[in-house]
Each structure stands twice: as C-alpha cells, then as structure tokens.
Amino acid sequence: MNQDQLKQAVARAAVEYITPMLDSDTIVGVGTGSTANYFIDYLAEKKGLFDGTVASSEASAERLQSHGIPVYDLNAVDGIRVYVDGADETNPLLQLIKGGGAALTREKIVAACSEEFVCIADESKWVEVLGNFPLPVEVIPMARSYVAREIVKLGGDPVYREDVTTDNGNVILDVHNMQIAKPLALEDALNNITGVVTNGLFAARPADILLLGTADGVKTVKSKV
Ligand code: 5RP
C-alpha cells in the first residue's frame, strides 16, 4: 500500500473505532489535513447517527458542511466525546508534533476539550525521538522576530512560513534542527515566550490511542502516559 492508501485505511479504522460512541448527543471533534480529510469523507456515511462536529480549522469545517454534517462552534457544545486527527510525528508515548497544516492552535484546543483523542497516521509518522519534522509555532505577527530570537536561545533554528496566515490571523515559525528529548519541557518553554500563541508539541495532552497504518495492516497503540 502507498502512503495515501495507508491514510485511507486508518481513517476507515477510526470511523469503525468511534461508531459505538455515536448517538444523538455525540459531538465528534475533527482534525485537519489529508488523513483527517479521509476521515471526514468516511464519517459522512454515519451522518444522522450523531449530533454533529467541532472542526479544528475552517478547511475541515467546509469539508464537513459539504457532506451535510453539522459543525458547531466550540462554545455552543458542552463537550466533545472523541477527537480524531492526524499528526506529523508521533513517539511511542503518543506525544505528537502537529501543525504541518497550520491548524495547531485550534487542534490543541479541541484536543483539550475532548474525552478521548484518537490519532490516525501512516507509519512514516512514527519516530523514537520527535524533531525530524520542523516544529510549528503559532506567533502573534508583531512578535515574530522577537520570538525567533528567543527560539534560537533554546537551540532551535526558526524559519518563517511565508505566505501562511492561520485561521486565527497569526503567523507560523517552523523550528528546525531540534532533537526533542524532553517534549513536555520544550512545550512549556516555547509557550512561555511572550508572543507565542501555542506550539505544535502535543506532550501535555498526548493522543490516547494511535491507529497506525502499516504494510501489515492498521495497528492500535495505546498511550502509556
Ligand atoms: C495540521 C496537522 C495535521 O494533522 C498534520 O499536518 C498531518 O497532516 P496529514 O494527515 O496531511 O499528513 O497537524 O495542522
């Protein structure tokens, strides 16, 4: 199977995994990216079996609506039963790097509000140590240069993602050349820089379960945290 087929397989597996959770009150959190897009397309087959969704980006909201799936503002719901989203990297503790699609802040908010976080990823995303994928940091535009200098002090190599504005009106710095031995500590340190909205490390709130697409089929990995 190629990477795209692996993404489809985990998206399909995620729909099967959440189906027993669906009833007329269920709110499903929906992530962003190509794997999440497959999940949205398969979730449409379950339309009517659940209340609706909260989306982690405008792009996902539009895709959900194009299928006729209700999308709620997060402030209009009491909670989210389950959140399904992709990742750019995952380690064995299911701590993640996310934000390749610039949706990290809303993704982190939806994850924080969800009872269960199901990560769906093809096997290329599995790493022992996070950091080969450049770590996205969402930054208030006027603070961009200051935040970049502070990131250099932490040992990173920030690169401005030009021509990208997040759904929140901010900019992205991608931090290269960091082997992230202590994800929790780095997540905190980056978030403590004034001007940072949040960063793409999901260590304080890792995934609860990972559906990993491999050549041998979809593997289920549970969080040990
Ligand atoms: C978007 C994300 C995505 O989950 C991540 O980039 C993975 O994307 P894809 O499923 O296209 O590989 O964090 O901000």
Side-chain angles (χ1 to χ4, degrees), residues 1-15 17 28-43 53-64 74 80 82-91 94-114 116-127 130-139 159 161 163-176 180 183 187 190 196-214 218 221:
M1 281 204 273
N2 62 31
Q3 188 181 27
D4 221 40
Q5 290 167 325
L6 294 176
K7 290 181 181 190
Q8 290 173 38
V10 294
R12 174 68 72 190
V15 171
Y17 180 80
V28 179
V30 177
T32 298
S34 56
T35 318
N37 280 345
Y38 285 126
F39 172 72
I40 293 170
D41 296 345
Y42 298 142
L43 184 65
T53 59
V54 170
S56 67
S57 65
E58 301 295 337
S60 290
E62 276 172 31
R63 196 176 186 100
L64 286 158
L74 179 59
I80 297 172
V82 61
Y83 174 47
V84 179
D85 197 0
D88 298 302
E89 280 187 352
T90 175
N91 71 13
L94 308 193
Q95 296 169 319
L96 313 173
I97 287 181
K98 291 185 49 54
L104 60 157
T105 299
R106 293 189 188 194
E107 291 172 338
K108 204 174 260 198
I109 293 168
V110 177
C113 296
S114 297
E116 187 171 353
F117 178 6
V118 179
C119 182
I120 49 176
D122 66 85
E123 61 191 345
S124 71
K125 311 294 182 64
W126 180 268
V127 296
L130 297 170
N132 284 338
F133 189 92
L135 175 62
V137 180
E138 181 163 350
V139 178
V159 175
R161 202 185 296 181
D163 302 326
V164 170
T165 303
T166 70
D167 285 347
N168 314 306
N170 298 314
V171 298
I172 297 284
L173 294 173
D174 291 306
V175 185
H176 293 247
I180 304 172
E187 184 176 2
L190 287 168
V196 168
V197 179
T198 197
N199 69 85
L201 271 171
F202 284 57
R205 204 295 180 230
D208 299 303
I209 188 163
L210 167 68
L211 301 175
L212 187 69
T214 77
V218 176
V221 184

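Keep in mind it's a predicted model, so treat the numbers as computed, not measured. Note that ligands are numbered from 1 as they come in the structure, with each ligand's atoms numbered from 1 the same way.
Less than 4.0 angstrom separates some heavy atom of D88 from each of these atoms of ligand 1: 5 (C), 6 (O), 7 (C), 13 (O). Those atoms of ligand 1 that come under 4.0 Å of a heavy atom in T32, given as number and element, are 1 (C), 2 (C), 3 (C), 4 (O). Near G33, meaning under 4.0 Å from one of its heavy atoms, ligand 1 places the atoms 11 (O). With ligand atoms numbered from 1 in the order given, ligand 1 contributes 14 (O) to contacts under 4.0 Å with heavy atoms of A103. Under a 4.0 Å criterion applied to the non-hydrogen atoms of D85, ligand 1 contributes the atoms 4 (O). Those atoms of ligand 1 that come under 4.0 Å of a heavy atom in G86, given as number and element, are 4 (O). Counting the atoms of ligand 1 from 1 in the order shown, those under 4.0 Å from a heavy atom of G100 are 6 (O), 13 (O), 14 (O). Those atoms of ligand 1 with a heavy atom of E107 less than 4.0 angstrom away are 1 (C), 2 (C), 13 (O), 14 (O).
Judged by distance alone, with hydrogens and angles left aside, the side-chain atoms of D167 form a donor-acceptor pair with the main-chain N or O of E58 at under 3.5 Å. A donor-acceptor contact shorter than 3.5 Å links the side chain of E89 to the backbone of N132. Judged by distance alone, with hydrogens and angles left aside, the side-chain atoms of N2 form a donor-acceptor pair with the main-chain N or O of D4 at under 3.5 Å. At distances below 3.5 Å, at least one donor-acceptor pair connects side-chain atoms of T166 with backbone N or O atoms of N168.
Within the 4.0 Å heavy-atom shell around ligand 1 one does not find G31.
With a 4.0 Å heavy-atom cut-off, ligand 1 is reached by no atom of S57. When heavy-atom distances to ligand 1 are checked against a 4.0 Å cut-off, A87 comes that close only through its backbone atoms N, CA, C and O.
Among all protein heavy atoms, the one lying closest to atom 10 (O) of ligand 1 is T35 OG1, 2.6 Å. Protein heavy atom at the shortest distance from atom 9 (P) of ligand 1 is S34 OG, 3.3 Å. Here the protein heavy atom with the shortest distance to atom 13 (O) of ligand 1 is G99 N, 2.8 Å. Counting only heavy atoms of the protein, atom 12 (O) of ligand 1 lies nearest to K125 NZ, 2.7 Å.
Residues satisfying the salt bridge (Lys or Arg N to Asp or Glu O under 4.0 Å) criterion with D88, sequence neighbours excluded, are absent altogether.
Geometrically, ligand 1 and G101 share a nitrogen or oxygen pair separated by less than 3.5 Å.
Taking the ring axis of Y38 as reference, the NZ or CZ atom of K7 does not stay both within 45° of it and closer than 6.0 Å to the ring centre.
The side-chain heavy atoms of K108 and E187, taken from C-beta on, include a pair separated by under 4.5 Å.
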